[in-house]
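Quick notes on the structure that follows.
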Amino acid sequence: MSSPLFERTVTALLQERVICEVSDDELYNYLLMPANQDSVNRFLAQINRTLRQTSAHDAFVCAYLDTSDSDTKDAIRHQFRDVANNLEAFVQFLRLVMMLEANDRPILPGDKLSEGAILDRIAAAPALESKLRSLAEKKVFHTKRADSAGQIRAVLSSLEKMGYLKSVGTSGSLFRATGRWSWLYDAMTFIQTHEGIQGSDDTDSEQMRLH
Amino acid sequence: MARAHDAHGTLRALAKYGEAILEAHLRNGNRVPDSDDNLGLIETLEHHRLVWRIGDNEDLQLKKVLVQFLDHITESERRRYANAQVDILWQQLSELFLEYKEAKKRSALSDIDRLEGEIKECLADVIEDIRNATEAFATYINTGFAYITDLQLRIRENERVIERAGRLITLFESFRIRELAEQAGSDAFLKRLLLRHLPATLESSQKNLSYALNQLRKMLVRMREDQRLSRMVGAFEAHFINNRGFEPSIDHLDLRYVPEFLNTVEPFQIKGFGDIYDSADDLELIEIAAKARTIPVEIDDKPVPDGVATVNFDVEGETEVEEDDPVEEAIEELIQLVVDGALGERSILASEALASTGLEIDKADWLQAIVSEIESLSDGDQQYIEVIYHQMPHRVYPDNVMISDLTLRYSNAG
């Protein structure tokens with residue numbers, strides 16, 4: 001007897017979706033139950049896959065169980081390239097939002113982003129407009145729109161398509177950050193360690209105060 | 001008089017904007033946001049010299065004198081230092097009990113009365129301050145230290161509050177209530193305070209404090225993680241600026257050990273065929289198949305003209321002029337020439353006739369048109385015209401013949 005929630009959960013995991021409270025609350029709640037985790041894991045193990053949680057424990061992803069096969073390694077390399085190619089754009093976006101929110105912390109799953117609020121703040125701080133423009137020139141967010149409203153919409157829509165944001169309400173201009181950010185931070189932590197990227201605390205604090 | 005007038009003005013201003021000022025004090029770290037909504041408040045406070053600020057873009061801060069006054073009336077100062085206050089009061093209480101014991105030993109009745117009153121008051125203060133002290137921690141949790149914008153300072157404040165909560169718990173544990181109760185003598189009210197109210201307050205405060213401490217520790221962990229992420233984003237930003245075109249790569253890794261984060265699967269589609277072998281699914285499959293049309297039905301958007309009631313043919317007097325076709329005219333003329341016997345015994349080549357007309361028409365079409373015209377003649381006329389086909393078999397398909405020209409001449413057979 002098949003279980004609709006089991007089927008939906010496994011299908012979502014195999015489709016490379018990051019399951020969190022924001023993106024799929026029903027599936028996320030299903031996976032919070034240890035018994036359900038076991039049954040999902042038992043199934044995934046038969047096709048060389050397993051269930052994993054992000055280090056912040058706020059999202060579930062699917063991983064390979066055995067990575068020794070060369071095809072699997074190629075797939076992993078391919079996945080990594082997707083992150084690496086767009087990393088600069090993501091960092092710029094995170095920085096822009098931190099400046100707009102006058103907040104010392106980057107976007108976390110569950111955070112709300114309002115297109116209107118972002119536009120208001122950018123209108124009040126013209127220096128941030130150039131940052132938005134630069135962001136809109138990045139391949140992943142690219143848009144031909146020259147106005148701030150169009151550029152913000154293009155950036156937020158791209159993030160929604162990639163699963164980093166989920167639209168809430170009916171206006172289409174209000175979003176919530178998903179657990180994919182947690183996964184990205186895990187990726188960035190690895191890259192930072194692997195590439196030896198050092199951050200200066202003083203410089204960082206000073207930059208944060210610049211807004 | 002002017003001084004009294006100014007003072008009255010200040011007090012009135014405080015009364016008028018009391019709510020906003022209290023909000024700034026209790027919820028916003030004594031800051032008044034520089035917004036359009038607060039224009040009136042800011043102007044008034046600046047007029048009475050009750051706010052200050054460094055830069056034009058900074059929020060305004062309530063002045064120290066006003067903050068002290070607000071501390072006093074909201075008892076926040078007392079709460080903030082409640083643990084120290086409780087400690088002092090507890091020491092006072094212990095000393096009072098010692099004196100009380102001594103007074104009883106000496107049977108100094110008036111001193112016993114006085115000390116009993118002082119002990120009750122001191123004990124009531126202790127109970128009140130214990131409550132205040134724990135309530136202050138609830139406030140910290142509710143605000144999440146949001147009034148401190150800098151993350152590092154917020155972390156420090158959180159650490160300080162955790163330390164303060166820890167000290168308070170240690171202090172509560174040091175209370176020897178039973179020992180004091182034994183010294184309370186026969187005073188029923190004092191015994192009730194010591195054996196009922198104080199332990200009950202202590203118990204609920206310790207419970208609240210433990211919860212607060214747990215929440216504060218969680219907040220601290222979250223803040224430290226936020227700080228780590230913030231620094232990481234900053235480090236990446238600086239790295240991208242200093243190393244143009246930087247792109248992280250793992251191509252050189254043999255991935256013998258794959259770090260957990262790297263290990264994510266590629267999309268894997270789970271698909272299956274509709275079960276056409278099980279008749280139980282027939283109805284569903286038929287329905288799906290009926291809707292599975294891949295070519296959308298064309299919807300004719302063109303407006304449909306209204307139908308007409310009647311149609312009249314052959315309207316009397318109406319004529320339609322047909323344009324003359326020069327090719328047709330030339331062919332008719334040519335054939336008429338042959339049929340009438342105007343050529344006599346001579347013959348005419350169709351290609352030559354075409355050249356003489358000056359018409360720009362393909363030779364094959366010309367020949368075809370002549371043959372068609374001849375075939376459309378009545379039998380009577382057809383018999384007066386002889387057609388000789390200039391033809392040769394096709395090289396590949398010899399059953400077919402290629403016509404290159406026609407010779408037309410009058411036929412005597414007619």
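Convention: sequence-line order gives letters A, B, ...; per-chain numbering from 1.
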Query raised in the report: Without hydrogens or angle criteria, can the side chains of B/Ser35 and B/Asp37 be said to hold a donor-acceptor pair below 3.5 Å?
Result: no
Report task. Tell me, yes or no, whether the heavy-atom count around B/Glu159 atom CD, taken from other residues, nucleotides or ligands under 6.0 Å, exceeds 12. Result -> yes
Query - Atom CZ of B/Phe240: over 12 foreign heavy atoms under 6.0 Å - result: yes
Requested in this report: Select one option (side chain, backbone, both, neither) describing which atoms of A/Asn85 are under 4.5 Å from chain B's heavy atoms.
Outcome: both
Report task. Can you check whether anything in residues 106-122 of chain A gets within less than 4.5 Å of chain B, heavy-atom wise, and list it by number? Result -> A/Pro106, A/Leu108
Query raised in the report: Looking at side-chain heavy atoms only, is the closest gap between A/Ser23 and A/Val18 below 4.5 Å?
Result: no
Query - Residue selection (most heavy-atom pairs with chain B, distance under 4.5 Å) from A/Ala56, A/Ala84, A/Ala63 - result: A/Ala63
Report task. Quick one: do B/Phe236 and A/Phe90 satisfy ring-ring contact (aromatic ring centres under 6.0 Å, His included)? Show the steps, please. Result -> CA-CA 10 Å; B/Phe236 269 96; A/Phe90 281 122; over 10 Å; no
**Report entry** A/Thr189 portion near chain B, given a 4.5 angstrom heavy-atom threshold
**Finding:** both
Query raised in the report: side chain to side chain contact (heavy atoms under 4.5 Å, CB included) with B/Arg49: which residues, sequence neighbours excluded?
Result: B/Lys63
**Report entry** Summary of salt bridge (Lys or Arg N to Asp or Glu O under 4.0 Å) pairs that have at least one residue in residues 23-40 of chain A, sequence neighbours excluded
**Finding:** A/Arg8-A/Glu26, A/Arg17-A/Asp24
Report summary line: Taken in chain and number order and not counting sequence neighbours, the residues that satisfy side chain to side chain donor-acceptor pair (under 3.5 Å) with A/Asn48 are none
Report task. Would you mind telling me which of A/Val91, A/Thr72, A/Thr54 has the largest number of heavy-atom pairs within less than 4.5 Å of chain B? Result -> A/Val91
Query raised in the report: If you count heavy-atom pairs under 4.5 Å with chain B, which of A/Glu88, A/Glu16, A/His78 comes out on top?
Result: A/Glu88
